[in-house]
Amino acid sequence: MSQTATQNQRLSTADSLLDVELRKVFKIFHGETAVCGIDLAVQRGEFFSILGPSGCGKTTTLRLIAGFEMPSAGEVLICQQSMINTPAYRRPVNTVFQSYALFNHLTVQENIAFGLRIKKCRRGEIRLRVQEALRLVKMEAYAGRYPSQLSGGQQQRVALARALVNRPAVVLLDEPLAALDFKLRKEMQVELSNLQRQLGVTFIMVTHDQEEALSLSDRIAVMNEGRIEQIGSPTEIYERPQTPFVADFIGDTNLLKGRVATVDSTLLQVETETGLQVAASPGELEAKGVALPVMVSVRPEKIQISPYSPNAQANCFEGRLKHVMYLGTHVQCLVELQSGDRLTILQPNNSSLPAYDSTVYVYWAASDCLVLAA
């Protein structure tokens with residue numbers, strides 16, 4: 001077999017493992033662009049999250065996949081089939097809504113069976129599939145209850161069972177855990193992840209909760225103002241953000257604006273607008289030369305704080321401790337440097353801290369700096 005034929009075969013195999021594709025998709029509402037030319041490829045069996053702030057276009061993107069909205073331009077494919085002329089009820093997807101959208105006049109088992117009855121499945125098949133769905137979400141004992149008799153977490157399980165009973169190729173989740181309290185949300189995150197891995201069904205979840213996306217997802221698309229800023233694994237998104245927006249939105253970070261002063265194969269020196277000299281690993285900026293406007297990102301947990309001047313050759317700055325916030329397992333500190341910059345620092349709650357407004361020193365390794373083109 002020729003090299004070209006082998007490459008084509010690999011590409012064909014890769015394409016056949018995609019459950020959802022968006023190709024240059026736009027959505028315009030009354031002259032305002034909600035989704036701006038996005039490309040997306042979700043693999044079969046993947047837990048994929050679309051993450052971003054309110055109004056960034058993530059829910060519109062989910063509705064375009066579901067068929068509740070039609071694109072102004074571009075193409076949506078599900079299981080390699082174009083969905084341009086396919087209405088929502090004919091697409092091989094089911095949606096779990098934040099509000100659950102259960103029928104209050106129907107019991108749990110009747111809610112789950114509703115879609116199968118619409119499809120006119122046989123009575124025996126409906127009974128078996130409903131029982132299987134109840135077992136999957138551990139709700140067998142609640143089959144005869146009504147939604148008003150269930151807790152929020154139990155209603156969410158019913159909504160999930162109703163989506164799964166139709167055996168869709170893709171399950172769409174629109175802020176599925178947002179209505180739950182903190183402890184229950186954590187429990188449901190574990191159950192949702194386990195269920196997805198057990199079934200091997202493709203899940204696409206929309207959320208604004210960074211921690212939820214990082215803990216559940218195989219890959220994440222970060223959206224901002226209708227565009228995708230970055231797609232990657234949770235580790236890539238957190239440790240190697242490609243833009244200042246992603247660095248700032250995913251978790252907490254300290255951003256310092258400046259310009260590249262010097263650069264070589266081992267070290268990049270940035271002079272910030274306030275006069276700080278920050279050393280960092282050059283990464284992809286090595287070949288772009290000096291005077292490049294950049295943003296330096298340093299995560300709060302990467303910064304050390306000390307009442308004494310440490311033996312650090314680079315990235316060591318004097319300041320004053322301006323605020324301390326107790327977070328249980330960690331302590332968050334705010335330090336104002338002599339330059340006027342303010343840095344947030346996250347320390348384990350296992351040692352004493354200097355007194356309020358006392359002189360402190362903050363320092364971090366050059367390898368813990370990420371330099372991004374501004």
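Counting begins at 1 with the first residue of the sequence. Note that the coordinates shown come from a computational prediction; the quantities given were computed from them, not determined experimentally.
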Quiz item: Do Gln242 and Leu372 have side chains that get closer than 4.5 Å, going by heavy atoms?
Solution: no
Quiz prompt | Donor-acceptor pair, side chain of Arg91 and main chain of Met83, under 3.5 angstrom | solution = yes
Practice problem: Return the set of residues passing ring pair (Phe, Tyr, Trp, His ring centres under 6.0 Å) with Phe47 (not counting sequence neighbours), or none when no residue passes. | Solution: Phe203
Quiz item: Would a 4.5 Å heavy-atom cut-off, applied to side chains only, mark Tyr142 and Gln154 as touching?
Solution: yes
Exercise. Considering only NZ, NE, NH1 and NH2 on the basic side and carboxylate oxygens on the acidic side, decide whether Arg342 and Glu336 come within less than 4.0 Å.
Key: yes
Quiz item: With a 4.5 Å heavy-atom cut-off, do Phe114 and Leu106 have their side chains touching?
Solution: yes
Quiz item: Charged N to carboxylate O below 4.0 Å: is that the case for Asp39 and Lys24?
Solution: yes
Contacts table for residues 132-139: side-chain donor-acceptor under 3.5 angstrom, sequence neighbours left out:
none

Self-check item: Pairs meeting criterion ring-ring contact (aromatic ring centres under 6.0 Å, His included) with involvement of residues 212-265, two or more places apart
Solution: Phe245-Phe249
Quiz item: Is the closest basic N to carboxylate O distance between Glu273 and Arg259 below 4.0 Å?
Solution: no
Quiz item: Is there a donor-acceptor pair closer than 3.5 Å between any side-chain N or O of Asn349 and the backbone N or O of Val331?
Solution: no
Quiz item: Hey, are Lys186 and Glu212 close enough for a salt bridge, meaning a charged N less than 4.0 Å from a carboxylate O?
Solution: no
Self-check item: Whether Ser306 side chain and Tyr308 backbone form a donor-acceptor pair below 3.5 Å
Solution: yes
Quiz item: Roughly how far apart are Leu268 CG and Leu292 CG, rounded to 0.5 Å?
Solution: 9.0 Å
Quiz item: So, Thr235 and Ser233: side-chain donor and acceptor under 3.5 Å apart, yes or no?
Solution: no
Quiz item: Hey, are the side chains of Ser367 and Ser281 touching, using non-hydrogen atoms and a 4.5 Å cut-off?
Solution: yes
Practice problem: To the nearest 0.5 angstrom, please state how far the CZ atom of Arg44 sits from the SG atom of Cys79. | Solution: 6.0 Å
Exercise. Could you tell me whether the side chain of Leu321 reaches within less than 4.5 Å of the side chain of Cys333, counting heavy atoms only?
Key: yes
Quiz item: Any side-chain heavy-atom pair from Met223 and Thr61 closer than 4.5 angstrom?
Solution: yes
Quiz item: Take atom CD in Glu211; do more than 12 heavy atoms of anything else shown fall under 6.0 Å from it?
Solution: no
Quiz prompt | CZ (Arg219) with more than 12 external heavy atoms under 6.0 Å | solution = yes
Self-check item: Carboxylate-amine/guanidinium contact Lys322 Asp357, below 4.0 Å
Solution: yes
Self-check item: Validation row: Trp364, Cys369 side chains within 4.5 angstrom (heavy atoms)
Solution: yes
